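Quick caveat: nothing in here was measured; it's all calculated off a predicted structure.
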There are 2 protein chains.
Amino acid sequence: MKRIYNFSAGPATLPEEVLKQASEEMLNYKDSGMSVMEMSHRSKLYQAIIDEAEADLRKILNMPDNYKVLFVQGGATLQFAMIPMNLSKNKVYDFIHTGQWTKAARREAEIYGTVNVIASSEDKNFTYIPNLDNLSYSKDADYVYICENNTIFGTKYKKYPDVGNRILINDMSSCFLSEPIDVSKFGVIFAGAQKNVGPAGVAIVIVRDDLLENPTLPGTPTLMNYKVFAEKGSMHNTPPTYTIYICGLVFKWIIANGGLEGIQKRNEKKAALLYDYLDKSKMFKGTVEKDSRSLMNVCFKTDSEELDKLFVEEAKKVGLENLKGHRSVGGMRASIYNAMPLAGVEALVKFMAEFESKHL
Amino acid sequence: MKRIYNFSAGPATLPEEVLKQASEEMLNYKDSGMSVMEMSHRSKLYQAIIDEAEADLRKILNMPDNYKVLFVQGGATLQFAMIPMNLSKNKVYDFIHTGQWTKAARREAEIYGTVNVIASSEDKNFTYIPNLDNLSYSKDADYVYICENNTIFGTKYKKYPDVGNRILINDMSSCFLSEPIDVSKFGVIFAGAQKNVGPAGVAIVIVRDDLLENPTLPGTPTLMNYKVFAEKGSMHNTPPTYTIYICGLVFKWIIANGGLEGIQKRNEKKAALLYDYLDKSKMFKGTVEKDSRSLMNVCFKTDSEELDKLFVEEAKKVGLENLKGHRSVGGMRASIYNAMPLAGVEALVKFMAEFESKHL
């Protein structure tokens, strides 16, 4: 059966083993005579699925007990509003601005309060992560907000800002579960599923439980209240049951592949292969400063827009798809999330070398 | 392969043909080399899927051009907040109160304004639809709100209130696409997918386009603004792509089964079989007044809670599952949505007759 190497930034490639299992279980999950899609979310059978997904995620992240896991609809974008709705005291929010997603999050936060941009890499079209030393935090900021991996620009934090006792919020959408992290550094971690976790339609939100006691802003819908999700086990209403089931299969795939340590090694090997080639190439150049390079989204270009276009077209013909860069960067972007096999990156590098020798 | 008859109220049984197709296409959709789960929502391939789903839905409902179709996350429950957030002028809302879901919608609307209950069937535990003649609408009401089919209590409107020029809002979650309707009677129709349409994780919202010009309430998140969904083709952010794909397959199944006229005939035949049996039975009684009976959710009980319990247990043993009634009604509930085949209802009625002859 034909399968391509899909370098899409998200929704993105999923582990073939997961898709196979989903396909096999589609009409009859574990001899229940039902698809997971058809199960009451109030059934014991489904409760076991969501409980196991959460337990596996906690294990994978070595998550401290004082954090809650919420499965929330609306993607990362709804979190841009839920965070200020749930965590406001003074309605002042400190942002480190690193690209389109912090811009969108900032706009949304400004519906509810005042955003202070305490660092930014906008001056160089977001090709680096700003210096994190000596940041001037606002005295009354409710939280400090970062986006750890910037999907569009291909940058990633290599360390976190030292926020002291302040609450650090991390949009990890495009690097979630790509390497081990210390959950205890954060007030809230969130991630849209459609990069490393599963199909679009759910965000994983990890919240330190003391933050659930903060009163929500007036006018907050019930379904945007973190405490409601925590108290109801993400089942105040019907959750996206099938989407969560697929996430659960991906969590098991991560465990079977050595957990986050194993996944990190895989990811570092894949990224090194591609970046090493870029550093040697006379035709292709990485667009990001070396110390800010993402393990997940590798952005590069040639000197010529025509060559970029030709490259994307020719690559598609040999089953290397979705390599076009975002319009705000141009060039190419190879998203090499957890589920992209090493063989996919090897095929890409081989094709780049051939293209280079032909067109240089 | 074992498949049960699943009478769950939702998430609920789906057409076997749809599940088979989804299973077959899971690793390679139309020779793309990708699962639908893995496709960029910005790709031509995915755009064709969502466009076709919308076009098929418009065809099925014979939808006037001045209505927009929105695919929104958060289920019907998020609509309970989105409706007042989008449609408020005077912040006064008229409700016809027919059960738990109008109660939940009312509570949510009260976050934003004043609810006037202009009719209710609470006096008899919601076993009927209130008389709709001579309703006293509030002079300044922004809209009149109904829930057409009450999943828990098994009631359904047989006609609509005559609201004149007022805006009528209809929560059709559990009867959507079960029979033809005149969309033009409504300002907004909405339905959680997980009854007649697809997996949980998306609500279908149908909005008359002049209503999109009403300013949203201050503090409305971008992802709760109907106009944003309408202008962006439900893609302000990544939509629940796979869930929408399954909905699209169900729409095609409806068309292949004679459209809503064909589906209605099927549904009436199924419901008649069950209600006729209930009307003749000496053991089982329908719990709803005859002129308010739902085609989708059939509630019934015996005179004994022990017998009810035994019935549910014994039925499960022969592959008739999820027949337990909601705790606020007790007894049994058979949800016989579009995808429940006639053979399933025949098997249920046969089993009821056997149970009756054994235990009466």
Under 4.5 Å from a heavy atom of chain B, the part of [X] involved:
| X | result |
| --- | --- |
| A:L217 | neither |
| A:P239 | backbone |
| A:M82 | neither |
| A:E16 | both |
| A:A81 | side chain |

Problem - More than 12 heavy atoms from other groups under 6.0 Å of CH2 on B:W101 - result: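 Result for CH2/B:W101: open.
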Problem - Residue A:K44 excluded, over 12 heavy atoms near NZ under 6.0 Å - result: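 Counting neighbours around NZ of A:K44, 12 or fewer heavy atoms of other residues, nucleotides or ligands fall under 6.0 Å, so no.
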Can you tell me how far [atom2] of [Y] sits from [atom1] of [X], rounded to the nearest 0.5 angstrom?
| X | Y | atom1 | atom2 | answer |
| --- | --- | --- | --- | --- |
| B:M224 | A:L223 | CE | CG | 8.0 Å |
| B:K324 | A:R42 | NZ | CZ | 13.0 Å |
| B:H41 | A:Q194 | NE2 | CD | 7.5 Å |
| A:S23 | B:N28 | OG | CG | 11.0 Å |
| A:L14 | B:M37 | CG | CE | 7.0 Å |
| B:K20 | A:S35 | NZ | OG | 13.5 Å |

Exercise for the section: Measure from the side-chain N and O atoms of A:Y112 to the backbone N and O of B:G219, and report whether any donor-acceptor pair falls under 3.5 Å. Expected result: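 Confirmed, A:Y112 side chain pairs with B:G219 backbone.
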Exercise for the section: May I ask you to decide if B:A76's main-chain N or O and A:N237's side chain share a donor-acceptor pair within less than 3.5 Å? Expected result: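 No: the side chain of A:N237 does not pair with the backbone of B:A76.
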With heavy-atom distances below 4.5 Å as the criterion, would you say the side chains of [X] and [Y] are in contact?
| X | Y | result |
| --- | --- | --- |
| A:M39 | B:N6 | no |
| A:M34 | B:N322 | yes |
| B:Q73 | A:L78 | no |

Exercise for the section: Determine the option with the most heavy-atom pairs under 4.5 angstrom with chain B, choosing from A:T238, A:T13, A:L27. Expected result: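 The answer is A:L27.
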Exercise for the section: Specify which of A:P84, A:G198, A:S32, A:A339 makes the most heavy-atom pairs with chain B at under 4.5 Å. Expected result: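 Winner by heavy-atom pair count: A:S32.
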Practice task
Go through the steps for B:R3 and A:E38 under the test side chain to side chain contact (heavy atoms under 4.5 Å, CB included), then give the verdict.
Solution key: CA-CA 11 Å; B:R3 288 272 295 164; A:E38 302 177 298; 2.7 Å; yes
Which portion of [X] sits near chain A, non-hydrogen atoms under 4.5 angstrom:
| X | value |
| --- | --- |
| B:I244 | neither |
| B:S43 | neither |
| B:A12 | backbone |

Between [options], which residue shows the highest count of heavy-atom pairs closer than 4.5 Å to chain A?
| options | result |
| --- | --- |
| B:P11, B:P199, B:A104, B:A200 | B:P11 |
| B:I111, B:T243, B:T77, B:V202 | B:T77 |
| B:P221, B:P240, B:S8 | B:P221 |
| B:G75, B:S40, B:G74 | B:G74 |

Problem - Polar side chain donor-acceptor pair, B:T222 to A:E108, under 3.5 angstrom - result: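 The answer is yes; a qualifying pair exists.
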